[in-house]
Amino acid sequence: MARILPPPALPNAPGELRQDPLGGGWVAITAGRAARPEAFLGDVGTPRGPLGCPFCPGNEHMTPPEVWADRDPGTGPDQPGWHVRVVPNKFPAFAGPVTTAHHNGGLYRSAPTAGVHEVVIHNPDHQATLADLEVPEVARAMAAWRERLAAHRDQELGAVLIIVNQGRTAGASLEHPHSQVFATAGRPDRVQAELDRLAGQACAACATVAAERDGPRLVGTTGDLLTICPWASAAPFEALLLPAAHQPRFEERGPDDDTAVATALRDLLRRFRGVAGDHAPYNLVLHSAPPGVDDFHWHLHLLPRLTTYGGFELGTGVIINVVDPDRAAEALRASGS
Ligand SMILES: [Zn+2]
Ligand SMILES: [Zn+2]
Ligand SMILES: [Zn+2]
């Protein structure tokens, strides 16, 4: 039966944040993103490979002009010769002048989807995920993350997140591995909740480090970093990577520290692959202190996407996780990295 979908809006059509009058949650209506290839899960076809991939070397003209790149000397912008390349998202969910203006229309509260949406292409290799790359290559991607977080620090933004969608069911519409930078004018509730809990003497991340560093949910330590399976993991094999010390910003780490993060992250992803399979989908979320906030404890979430939400999760916000985090940590420790 033919599917009936509205034609996509223009890629740069302005979006709108809307507050659900029933539940109070916010959604971003970004109709322009429907124009992306395979925007709907039902559209998913076979992998397309590097031919025609806008993120592969030689196809730089297929993306908007780059805003930053780690390049070989003597190579120019939007040419091959890069190791990591950052471009504006062609179908931005958040774009436009940063404003905290809200429209309060009584029942219908809304705000512009103001902000920034960028893509960080991790490596020229079309296939290599963060787990496949060598540590120095992952470290180059970490340096790009620091660079972009620092680049957006001077604007009045409510949140700046770096996320990875690995695998179609985790939200990746292009298979060439990449991460995305989302900078939003407003501060999402989830970000504010962590700011409230990860500050001052009562920082929940510092307390977690103290409670878990010798416990059954520790996956491993790398330099100053711990990897644990959170006590209240919402997904099978969920993990949290965080520094033992109370460091507000990921981007304030030095270039030398990229190797420690790269080693810890690659090790975790390889262990996860060993447990969940070669192409197991996942999301990564990096939470670093937003602009103007100086008291926080940066951390990185690994959120595997091995199960799907049912009606109970959608109706309550309470997620049912079928793997005990103690057993998840045991399995990740045992998995060859
Ligand atoms: Zn590619
Ligand atoms: Zn802390
Ligand atoms: Zn977080």
Side-chain angles (χ1 to χ4, degrees), residues 37-38 47-63 66 80 82-85 87 90 119-130 132-133 137 141 145 149 158-164 166 168 172-179 182 184 187-213 224-235 238-250 252-253 265 282-290 293-303 319:
E38 301 183 355
R48 282 168 296 177
L51 200 65
C53 170
F55 297 167
C56 269
N59 291 344
E60 288 81 3
H61 62 280
M62 293 175 70
T63 68
E66 70 193 36
W82 50 272
H83 300 272
V84 185
R85 185 163 180 261
V87 298
K90 196 170 175 181
V119 175
V120 180
I121 307 161
H122 297 159
N123 191 270
D125 189 320
H126 181 82
Q127 306 286 354
T129 67
L130 289 171
D132 297 320
L133 296 174
E137 296 174 306
W145 288 4
L149 288 167
V160 184
L161 278 81
I162 295 188
I163 62 104
V164 174
Q166 183 62 48
R168 282 292 295 134
S173 61
L174 286 168
E175 63 197 20
H176 193 130
H178 60 281
S179 42
F182 285 86
T184 63
R187 180 163 296 151
D189 294 343
R190 175 64 204 256
V191 172
Q192 184 60 50
E194 287 197 348
L195 291 177
D196 293 342
R197 288 166 178 271
L198 275 61
Q201 294 294 316
C203 171
C206 286
T208 297
V209 168
E212 302 285 348
R213 69 180 323 152
D224 65 322
L225 303 165
L226 271 73
T227 303
I228 62 159
C229 289
W231 180 70
S233 291
E238 178 176 334
L240 182 67
L241 198 165
L242 77 176
H246 188 75
Q247 294 174 0
R249 298 181 197 284
F250 178 80
E252 282 177 358
R253 293 170 71 85
L265 176 58
Y282 62 82
N283 298 111
L284 296 176
V285 178
L286 176 63
H287 281 138
S288 185
V293 174
D294 295 322
D295 190 1
F296 188 61
H297 196 136
W298 75 263
H299 55 274
L300 181 72
H301 300 271
L302 166 64
L303 303 165
I319 296 163

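Whatever order the structure lists ligands and atoms in, that order sets their numbers, starting from 1.
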Answer yes or no: is there a donor N or O on one side and an acceptor on the other, between the side chain of [X] and the main chain of [Y], under 3.5 Å?
| X | Y | result |
| --- | --- | --- |
| Ser179 | Ile162 | no |
| Gln192 | Arg190 | no |
| His297 | Pro243 | yes |
| Asp295 | Gly200 | yes |

Worksheet entry | Parallel, tilted or perpendicular: rings of His299 and His301 (30°, 60°) |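 Because their plane-to-plane angle is over 60°, the rings of His301 and His299 count as perpendicular.
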
Discussion item. Suppose we only allow N, O or S atoms; which atom of His126 ends up nearest to the Zn ion (ligand 1)?
Written reply: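 Atom name of the closest N, O or S in His126: ND1.
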
Item to complete: Determine which of the N, O or S atoms in His176 is closest to the Zn ion (ligand 1) and give its atom name.
Response: ND1

Worksheet item: Any luck finding a side-chain donor-acceptor pair between Trp82 and Glu66 under 3.5 Å?
Response: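 The criterion, which ignores hydrogens and geometry beyond distance, is not satisfied for Glu66 and Trp82.
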
Worksheet item: To the nearest 10°, what's the angle at the Zn ion (ligand 1) between atoms SG (Cys56) and SG (Cys53)?
Response: 120°

Worksheet item: Can you give me the NE2-the Zn ion (ligand 3)-OE1 angle for His301 and Glu194, to 10°?
Response: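 Rounded to 10°, it measures 160°.
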
Worksheet entry | Among the N, O or S atoms of His287, the one nearest the Zn ion (ligand 3) | ND1

Worksheet item: Tell me, which protein N/O/S atoms are under 2.8 Å away from the Zn ion (ligand 2)?
Response: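 Those protein N, O or S atoms (cut-off: under 2.8 Å from the Zn ion (ligand 2)) are Cys203 SG, Cys206 SG, His246 ND1, His297 ND1.
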
Worksheet entry | Over 12 foreign heavy atoms within 6.0 Å of CG, Asp189 | no

Discussion item. If I take atom CG from residue Leu174 and atom CZ from residue Arg168, how far apart are they, to the nearest 0.5 angstrom?
Written reply: 9.0 Å

